[in-house]
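Below you'll find the structure, written out as C-alpha cells, and then a few comments.
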Amino acid sequence: MAQDNSPNKTITMNQRRSRTKFTEDQLKILIKAFDQNPYPGYATKQRLALEINTDESRIQIWFQNRRARHQCQKKSEPDEDLESSQDQDHSEEEIQSREERRCRTSYTSSQLHTLIGAFMNNPYPGIDTREQLAKEIGIPESRVQIWFQNWRSRFHVQRKREPDDQDSEQRQDQEQDLWDERVQEREREMFTFFAKLIGA
DNA sequence: TCACTAACCTATTCACGCT
DNA sequence: AGCGTGAATAGGTTAGTGA
C-alpha cells in the first residue's frame, strides 16, 4: 500500500511474529480443507488448528493468503473455462451459506483502558508487545491484533473526513483533538463504570 | 539472487448488541 | 432504526527462507 507515512519504518522495535513453517502433512490438510471451502467458519478453523497443532489465527492468515494467491492466478490466466461454472464458485448463495463467525468479543472498561493506553503509546505494536498485552488483559493475542487493526482503521477514517485545506500543523492539531475527544469519550465511560462499582 | 509465502497492513463491509 | 465496534474480507506490502 503506497502509504506516505509507512508505519513500519517510523516505528522501530515492533518485530514480527516468527515465521511459521508448515510441514508437508499440515499443508496437505490445509489444502484439502481449502479446496472444500475457501471460507471456513470459526469452528472449522478451530478444528483445523487442533488437527495440525497450531493456532487458529495462523489458520486464518493461511486462508487469507491462499485466497489472495488464487485470485491472482485467476486474473493472470483468464482463458479457458469460460462456460465452466466452476470458476464462479463463491458468489451469492455460497456467501449466504458461509459458516458461523467467531463470537463477538466484548471488552471490559479496564481492558479497554489498557488497550487505549498501549495504542497511544504505539499504534503498531510488535508481537512481543501484543503478547504482553494479551496476557495482561486475559484475551488472545489474535484479538489484540484485530483490536489494533480496527482502531487504526477507524482513526484513519476520522482523519480522512477532515477537510484537507489546512497546513499540516493545523491538521496535526486537529488530529490530536479528534483523538483526545475519542479517548475522553472512552474515559467517561470508564468513570461511569467505576463509579457504579464503588456504589456512587 | 529470486521465487515463494507467512506476516502484516489498510480499506471496506458484514453483523450483532445496545440505546 | 441507528450507532459503535468486533469480525471478516480483498488486495496490497514486507520480509524470512530455501533453491
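Excluded from the calculations below are hydrogen atoms, water molecules and symmetry mates; all remaining heavy atoms, backbone and side chain alike, are included. Naming convention: chains lettered A, B, ... in sequence-line order (proteins, then strands); numbering from 1 in each chain.
For A/Trp62 and B/dA6, the shortest distance from a side-chain N or O to OP1 or OP2 is below 4.0 Å. Contact annotation: A/Arg152 side-chain N/O to B/dC9 OP1/OP2 distance is under 4.0 Å. Regarding contacts with the backbone of B/dA7, every side-chain N or O of A/Ser18 stays at 4.0 angstrom or more from both OP1 and OP2. Using a 4.0 Å cut-off, some side-chain N or O of A/Tyr124 falls inside it from OP1 or OP2 of B/dT10. Contact annotation: A/Arg130 reaches the phosphate of B/dC8 (side-chain N/O to OP1 or OP2, under 4.0 Å). At least one side-chain nitrogen or oxygen of A/Arg17 sits closer than 4.0 Å to the OP1 or OP2 atom of B/dC8.
Along DNA chain B, the nucleotide nearest A/Arg66 and the nucleotide nearest A/Pro125 are compared for position; the residue whose nucleotide lies closer to the 5' end is A/Arg66.
We find that CZ of A/Phe155 is positioned 17 Å from C1' of C/dG4, with the value rounded to whole Å. Distance, A/Asn65 CG to C/dT9 C1': 13 Å, rounded to whole Å. Between the CD atom of A/Glu56 and the C1' atom of B/dA7 there is a distance of 15 Å, rounded to whole Å. Distance, A/Gln111 CD to C/dG6 P: 11 Å, rounded to whole Å. Taking atom OH of residue A/Tyr39 and atom P of nucleotide B/dC14, one finds them 13 Å apart after rounding to whole Å. In this structure, A/Trp151 places its CH2 atom 17 Å from P of B/dA11, rounding to the nearest Å. Regarding A/Gln26, its CD atom lies at a distance of 15 Å from the P atom of B/dT5, rounded to whole Å. In this structure, A/Gln71 places its CD atom 11 Å from C1' of C/dT9, rounding to the nearest Å.
Of the candidates C/dT9, C/dA7, B/dT5, the closest approach to any side-chain atom of A/Arg69 belongs to B/dT5. The side chain of A/His156 lies closest to B/dA11, out of B/dA11, C/dA8, C/dG6. Checked against B/dA6, B/dC8, B/dT13, the side chain of A/Ile127 finds its nearest nucleotide in B/dC8. Residue A/Ile61 places its side chain closer to B/dA7 than to any other of C/dT9, B/dA7, B/dC9.
Within 4.0 Å (heavy atoms only), A/Thr20 reaches sugar-phosphate atoms of the nucleic acid but no base atom. A/Arg102 comes within 4.0 angstrom of sugar-phosphate atoms only, judged by non-hydrogen atoms across all strands, and of no base.
Ring-plane geometry between A/Phe63 and A/Phe34 is classed as tilted, the angle between the planes lying from 30 to 60 degrees on a 0 to 90 degree scale.
In this structure, A/Arg130 contributes its side chain and A/Pro125 its backbone to a donor-acceptor pair below 3.5 Å. Under a 3.5 Å cut-off, the side chain of A/Glu141 and the backbone N or O of A/Ala134 do not form any donor-acceptor pair. Judged by distance alone, with hydrogens and angles left aside, the side-chain atoms of A/His113 form no donor-acceptor pair with the main-chain N or O of A/Ser109 at under 3.5 Å.
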Polar atom pairs between nucleotides 16-19 of chain C and protein, under 3.5 Å, N or O only, would you list them?
{"residue": "C/dG16", "atom": "N2", "partner": "A/Arg19", "partner atom": "NH2", "Å": "3.2"}

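For the pair A/Ile59/A/Thr44, no side-chain contact is recorded, criterion being any heavy-atom separation below 4.5 Å from C-beta on. Contact check for A/Asn122 versus A/Thr129: no side-chain heavy atoms found under the 4.5 Å cut-off. Looking only at side-chain heavy atoms (C-beta outward), A/Gln60 and A/Glu56 come within less than 4.5 Å of each other. A/Gln145 is listed as a side-chain neighbour of A/Arg17, based on a closest heavy-atom distance under 4.5 Å.
Summarising the geometry of A/Ile31 relative to A/Trp62, their closest heavy-atom pair is N-CH2, 3.7 Å, with the distance given to 0.1 Å.
By the criterion of side-chain heavy atoms lying less than 4.5 angstrom apart, applied directly or through intervening Ile, Leu, Val, Met, Phe, Trp or Tyr residues, A/Ile139 is grouped together with A/Leu115 in one hydrophobic cluster.
At a cut-off of 3.5 angstrom, counting only N and O atoms as typed in the model, there is a donor on one side and an acceptor on the other between the side-chain of A/Arg101 and the base of B/dC14.
Shown for residues 134-150 of chain A: residues whose heavy atoms fall under 4.0 angstrom of DNA chain C, namely A/Arg143, A/Ile146, A/Trp147, A/Asn150.
Residue A/Asp35 places its CG atom among more than 12 non-hydrogen atoms of other residues, nucleotides or ligands, all under 6.0 Å distant.
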